[in-house]
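The next block holds one structure in the form of structure tokens; read it before the comments.
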Amino acid sequence: MVTYADIIKEVNLILKREYPNIKRYGNDTVDNAVPPYFFVEVVPLGVSRESKNMLKKSCSVKITFVQKTIKQVEALNVIEHIFEVLGMTLDVGGRKLLVSDYSHEYIEDHGNIPQISFSLEWYESTEYHDGDLITDISLTIEKKGSK
């Protein structure tokens, strides 16, 4: 099962690999952050039951890039590079989640802090088994009566 925490961990691993000198923060540590840094958050968008045994989950991932000194060209390079590194799918827990709606905007009071966002949508099985699963089946064929 893919969790929202798994998604944050995977995005942080990508950022760490691509930008090892830039720290990454989450909701619990952003108050003590010193630029430059990435702030990564996952915003759940919804969970719906598609059937008795299937859930559809979706979320938005937001990556905010806070620079020490505002440099638009550097910010745009980071935005484009992250888009290229993500590609079409995000590998999370052995599953490939489709990256859609990749975009960016500028936030905060002066509109100079870039924030990348993209959506993920996936299905989860909710089928549970209480008993033992059958692991081996054998078949014997006997011919009754002979002529």
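Reckoned from all heavy atoms, side chains included, excluding hydrogens, waters and symmetry mates.
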List in chain and number order the residues that pass ring-ring contact (aromatic ring centres under 6.0 Å, His included) with F83, two or more places apart in sequence or in another chain; answer none if no residue qualifies. Y102

Audit row: F118, V11, side-chain contact (heavy atoms from CB on, under 4.5 Å) steps and yes/no: CA-CA 11 Å; F118 58 91; V11 170; 4.2 Å; yes

Any residue meeting side-chain hydrogen bond (donor to acceptor under 3.5 Å, both in side chains) with S117, in chain and number order, not counting sequence neighbours: S103

Can you list the residues that meet the side chain to side chain contact (heavy atoms under 4.5 Å, CB included) rule with D91, with sequence neighbours excluded? T89, K96

Within residues 1-20 or reaching into it, pairs that qualify as side-chain hydrogen bond (donor to acceptor under 3.5 Å, both in side chains) - sequence neighbours excluded: T3-D6, E18-H81

Only counting residues at least two apart or in another chain, list the ones meeting side-chain hydrogen bond (donor to acceptor under 3.5 Å, both in side chains) with Q115. T64

What about V61 and I82, same hydrophobic cluster or not, with Ile/Leu/Val/Met/Phe/Trp/Tyr joined at side-chain heavy-atom distances under 4.5 Å? yes

Closest non-hydrogen atoms of P114 and A75, given as atom of the first, atom of the second and distance, are CG-CB, 3.7 Å

Do F39 and I7 land in one hydrophobic cluster if side-chain heavy atoms of ILVMFWY residues count as linked below 4.5 Å? no

To the nearest 0.5 Å, what is the distance between CD (E41) and CG (N27)? 6.0 Å

Same hydrophobic cluster for V43 and L97, using side-chain heavy-atom links shorter than 4.5 Å among ILVMFWY? no

Same cluster for V66 and I79 if Ile/Leu/Val/Met/Phe/Trp/Tyr side chains link at under 4.5 Å? no

From I113 CD1 over to I107 CD1, what is the distance, rounded to the nearest 0.5 angstrom? 6.0 Å

Short side-chain to backbone donor-acceptor contact, E124 and V2, under 3.5 Å: yes

For I141, what are the other residues in its hydrophobic cluster, where any two members join if their side-chain heavy atoms are less than 4.5 angstrom apart? L139

With a 4.5 Å cut-off on side-chain heavy-atom distances among I, L, V, M, F, W and Y, is there a chain of contacts connecting M1 to V47? no

What pairs meet the salt bridge (charged side-chain N to carboxylate O under 4.0 Å, His left out) rule with one or both residues in residues 62-75, with sequence neighbours excluded? none

Other members of the hydrophobic cluster containing L13, with the 4.5 Å side-chain heavy-atom rule, please. none

Taking every heavy atom of D101 against every heavy atom of S119, the minimum-distance pair comes out as OD2-OG, 3.7 Å

Passes side-chain contact (heavy atoms from CB on, under 4.5 Å), I22 versus L15? Steps please. CA-CA 8 Å; I22 299 177; L15 293 173; over 6 Å; no

Are Y25 and Y37 an aromatic pair by the rule of ring centers under 6.0 Å? yes

According to ring-ring contact (aromatic ring centres under 6.0 Å, His included), does anything in residues 50-70 pair up with another residue at least two apart or in another chain? List the pairs. F38-F65

Show me the donor-acceptor pairs within less than 3.5 Å that the side chains of residues 48-57 make with the rest of the protein, sequence neighbours left out.
unit_1, atom_1, unit_2, atom_2, d
S48, OG, E50, OE2, 3.0
S51, OG, N53, N, 3.3
S51, OG, M54, N, 3.4

Not counting sequence neighbours, which residues clear ring-ring contact (aromatic ring centres under 6.0 Å, His included) with Y106? List them please. H104

